[in-house]
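To start, the structure itself, in structure tokens.
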Amino acid sequence: MSAHYTKMKEIPKTYSAKDHEDRIYKMWEQSGAFAPDLDPKKKPYSIMMPPPNATGTLHLGHATMLAIEDILIRFKRMQGFSALYLPGTDHAAIATQSVVEKKLQNEGMQNPRQELGRKKLLEEIRKFVDESKSTIRNQIRKMGTSCDWSRERYTFSDEMNTAVNELFRMMYEDGLIYRGGRIVNWDTKMQTTVADDELEYVEEKAPFYYFKYGPVVIGTARPETKFGDKVIVVHPKDKRYKNLIGKEFDVEWIEGKIRAKVIADECIDMDLGTGAMTITPAHSLIDFELSQKYALESPQIIDFDGKIRPEWSKACGGMDILAARKKVVEILEKKGLVDRIDENYVHNVSVNYRGKGVVEPQIMKQWFVDVNKAVIDWKKKKRSIKEVLQDTVRSKMIRIIPDRFEKIYFHWIDNLRDWCISRQIWWGHRIPVWHCTKCSNSFFSPTTVQKCKHCKAPNISQDPDTLDTWFSSQLWTFSTLGWPEKTPDLLRFTPSSVLETGYDILFFWVARMILGSTYALRKTGFPEEKSIPFKDVYLHGLIRDIHGKKMSKSRPETCIDPLDMIEKYGTDAIRLSLVIGGTPGNDMRLYEEKIAGYRNFVNKIWNGARFVMSSAEPSIKKGEDKINLKKLSRADKWILTRLNEIIEKVTDQIEDYELSDAGLTVYDFFWGEYCDWYVEMSKVTKNPAVLKHVLKTSLQLMHPFMPFVTETIYGDLCPGTMLITEDWPKPNPKWNFPSESDEMGRIMDLVSGIRVLRAESDVDATKKIHAIIFAHEDIALVLDKAEIIKRLANLGTLEIFENGEKIGKALTTFVGDIEIYLPLADLIDFEAEKKRLHKEIDDLAKYIQSLDHKLKNKKFLNNAPKEIIENERIKFTEGLKRLKKLQEQLEQVSK
RNA sequence: GGGCAAUUAGCUCAGUUGGUUAGAGCGCACGAUUCACAUUCGUGAGGUCACUGGUUCGAAUCCAGUAUUGCCCACCA
């Protein structure tokens with residue numbers, strides 16, 4: 001028993017991820033490998049991690065994001081970049097406050113806001129965030145994320161608050177931020193406004209009512225908003241109503257007589273409903289815009305709790321929307337004003353995507369960011385936010401991957417309205433503006449003030465509202481680096497190299513970062529190309545279940561928890577299954593069998609390494625894997641040539657963000673070429689230096705994808721070094737042996753040929769049979785590799801000749817010119833073999849015929865490129881050769 | 001209503017600028033435990049590339065249209 005064998009027994013047969021991952025992660029973290037090397041000669045590469053909610057837990061979206069980002073950062077770090085991967089968490093304003101309020105309600109509180117007051121509720125939330133923050137941090141670590149924890153940031157830290165206030169000041173003084181009474185989306189449940197793109201629509205079937213309103217019939221799904229309607233709008237070209245336009249009259253309505261007038265506007269769709277509508281300016285966007293246009297009143301009908309204001313109706317005052325709707329219809333019915341009711345009307349109800357509270361349009365004083373005011377110095381002109389948003393992408397300063405999202409992005413900008421940034425919740429950055437009740441002026445101040453800036457009176461109070469969470473998120477890429485101070489980190493790492501996130505967040509966040517970054521950095525002296533937040537945007541798809549459906553908590557059987565999967569299969573396996581098979585911007589299906597499949601690959605690597613390290617000195621001593629060019633066998637030359645090709649291919653694929661392909665490239669190479677062939681050949685004759693070198697290089701190539709298993713093995717293979725900080729492999733120009741590679745290709749085909757013959761006959765698979773080869777030109781090659789052929793094809797004896805008489809009573813095949821015979825006389829079912837040959841000859845004949853047809857087609861010969869024609873000719877002659885051999889075989893068998 | 005994506009083997013997906021006798025993994029079938037690995041190895045069956053036209057010497061690939069599925073945006077008085 002050799003010493004190597006003893007060593008092998010010490011290594012477990014299967015790789016147990018759990019036994020290594022935490023230890024390896026700790027080693028990386030403590031070594032300082034996650035922090036960027038600040039050597040000024042190194043080029044910067046940076047990724048700002050999209051911050052998960054501080055109170056959240058890791059889900060598949062995070063896991064995908066972390067896997068992709070970590071692959072990129074590890075790759076760049078190994079390539080020698082000064083690679084910064086900055087982690088952080090988000091205070092997630094509305095989401096977090098609603099979670100804590102709900103929690104307090106479950107603990108018995110009726111209305112936490114009222115009962116606790118602002119200060120105490122904020123304390124509660126802060127406590128909750130502090131307690132739960134470590135959960136997500138540890139889960140990020142579990143994914144193997146190589147981010148620099150010493151630079152961790154939080155969107156609601158004091159530093160971040162300084163940055164938010166500074167941005168607010170700049171925008172406020174530029175007149176970009178203004179306060180105005182406008183129609184906003186009011187969430188009656190959370191008691192706050194929400195932005196336009198935070199709305200979600202739920203389809204609902206509701207009756208659609210037609211009411212007689214004076215001389216016209218109007219249609220509506222919302223009778224409860226109609227108390228104060230006194231303007232009828234029709235299309236100016238509508239013949240039905242032409243003579244009514246401009247007229248006034250009394251109409252009988254819900255609460256008695258109303259003086260109504262008729263106006264005309266182009267915005268009316270004549271084909272919709274009756275072509276006439278009354279307007280409710282306070283609770284509909286279009287109606288509001290009309291009321292602005294024609295200077296109409298806009299009285300509030302529904303209050304902020306979603307109830308009818310009492311002054312409108314004795315019967316309905318204080319009622320909920322649905323109850324009031326019923327009541328109004330009842331009243332109108334009694335008055336005989338209901339024309340008809342369509343019961344099958346389907347419309348969309350707006351809800352807040354956070355918490356799903358019903359959203360009502362309301363007119364309120366809110367803070368807005370003007371997207372049309374030209375204030376940014378951009379390419380020698382003052383430009384608006386909208387213009388800059390468009391230019392950064394149109395001019396390719398920012399590249400969106402996949403590029404089809406650029407169109408979606410432009411479309412979004414075209415429809416962009418001023419951004420409502422104030423929220424009526426407490427958990428968030430407070431609006432740094434003070435109002436004076438005496439002179440009714442407002443002014444900016446980030447700190448507490450005692451007196452009004454204008455009239456010096458002490459009657460001042462801070463604006464009660466907080467900022468939309470995306471207002472602070474828009475600063476993420478540069479406030480994390482110290483802005484507004486010009487820190488070395490900021491100067492070095494901005495713009496980020498790539499922003500990686502899900503496509504569902506393109507508008508919420510990606511667009512707003514472009515907005516915030518270009519504005520703030522241009523204002524503080526950065527040139528245009530340094531003011532963008534990132535150069536590339538990589539958008540990953542959503543993870544779905546095996547049927548392509550969204551994973552949903554209501555169907556737990558379809559849900560995959562990444563942490564469970566890590567526990568069961570290891571982090572490397574889950575990382576691979578989230579990356580392989582996915583392309584940017586496309587959703588991907590995930591199921592447990594897939595993860596198990598990649599776990600098998602992880603184990604394959606483990607065992608490949610186990611073999612190599614047990615069959616040679618287990619570790620590589622310094623310089624020992626230097627390859628001696630003079631001592632290379634054909635097999636060595638083949639695998640080294642392939643390795644060179646693989647290095648080049650994988651590098652290109654990762655550079656091009658083709659991560660799935662890159663992963664598959666190393667997978668196929670390691671398993672299908674290195675293990676299946678080279679390692680098997682090494683069991684006959686081995687070159688330990690090459691064996692180890694290819695293993696070592698493969699580990700380097702696979703490391704970004706599967707950091708744990710590769711680092712674990714590397715630790716044994718190259719003691720004293722850490723894979724995470726190793727150099728990314730480069731192809732070695734000396735290892736280019738195309739002719740030996742071709743030769744080995746023929747040897748492998750030959751082995752496969754024999755295997756096929758064996759499998760087709762009823763020969764016991766374990767039986768060591770005899771084979772005869774006529775190798776012709778390849779005689780030296782086949783003689784050289786005879787032992788390998790014997791072993792891989794499981795032959796007992798092998799005779800090799802340059803040439804010879806065709807052998808009867810044998811199974812035969814050929815590879816190129818090489819003839820192979822398995823003289824198994826009594827074991828062969830010659831009838832079956834004849835049948836097989838007939839079929840093969842028939843298929844081949846058809847194929848040759850089609851080629852012949854093609855090669856006789858003058859149009860083909862005139863139009864196709866030379867190489868293609870040449871190729872077809874080769875295929876044709878090869879086919880003929882093969883056909884001839886098959887026919888000879890058939891003759892032999894038939895004898 | 002507008003737009004985007006997908007449609008290839010039983011399942012999940014590849015298929016580079018048009019030129020392969022259309023591939024992989026899983027699953028299935030048959031066979032294999034001599035010392036890296038049964039989380040393994042070998043072999044195989046299985047496809048009118050959704051449909052209809054068109055462009056071309058040549059189409060899974062390009063164009064037009066249709067169908068199915070999913071998503072996004074807008075509107076819904």
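Naming: A, B, ... by sequence-line order, numbering from 1 per chain.
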Rounded C1' spacing from C72(B) to G27(B) in Å: 35 Å
Separation between the C1' atoms of U33(B) and A22(B), rounded to whole Å: 36 Å
Closest nucleotide among G25(B), G42(B), U20(B) to the Tyr591(A) side chain: G25(B)
Provide the distance between the two P atoms, one in A50(B) and one in G10(B), to the nearest whole Å. 13 Å
Touch check for Gly597(A), heavy atoms < 4.0 angstrom, all strands: base, sugar-phosphate only, or nothing? nothing
Under 4.0 Å between any heavy atoms, over every strand shown, what does Arg599(A) touch: base, sugar-phosphate, or nothing? Just pick one. base
Look at the side chain of Glu680(A) and the base of A36(B), then say whether one donor and one acceptor between them are separated by less than 3.5 Å. yes
When all nucleic acid strands are considered with a 4.0 Å heavy-atom cut-off, which category describes Asn863(A): base, sugar-phosphate, or nothing? base
Out of C57(B), C13(B), C73(B), whichever nucleotide has its closest atom nearest the side chain of Arg589(A): C13(B)
Sticking with atom P, work out how far C28(B) lies from U39(B), rounded to a whole angstrom. 14 Å
For Ser850(A), answer base if it contacts any base atom (sugar-phosphate contacts may also be present), sugar-phosphate if it contacts only those atoms, and nothing otherwise; contact means non-hydrogen atoms under 4.0 Å. nothing
Look at all strands and tell whether Ile268(A) reaches a base, only sugar-phosphate, or nothing, counting heavy atoms closer than 4.0 Å. base
Under 4.0 angstrom, heavy atoms only, what part of the nucleic acid is Leu664(A) near: base, sugar-phosphate, or nothing? nothing
Taking the C1' atom of each, how far is U7(B) from U48(B), in whole Å? 15 Å
Base, sugar-phosphate alone, or nothing: which one does Lys856(A) contact when heavy atoms must sit under 4.0 Å apart? nothing
Give one of base, sugar-phosphate or nothing for Lys846(A), where a contact means two heavy atoms less than 4.0 Å apart. nothing
Presence of Lys13(A) side-chain N/O under 4.0 Å of C37(B) phosphate oxygens OP1/OP2: yes
Taking any heavy-atom pair under 4.0 Å as a contact, classify Lys407(A): base, sugar-phosphate, or nothing. sugar-phosphate
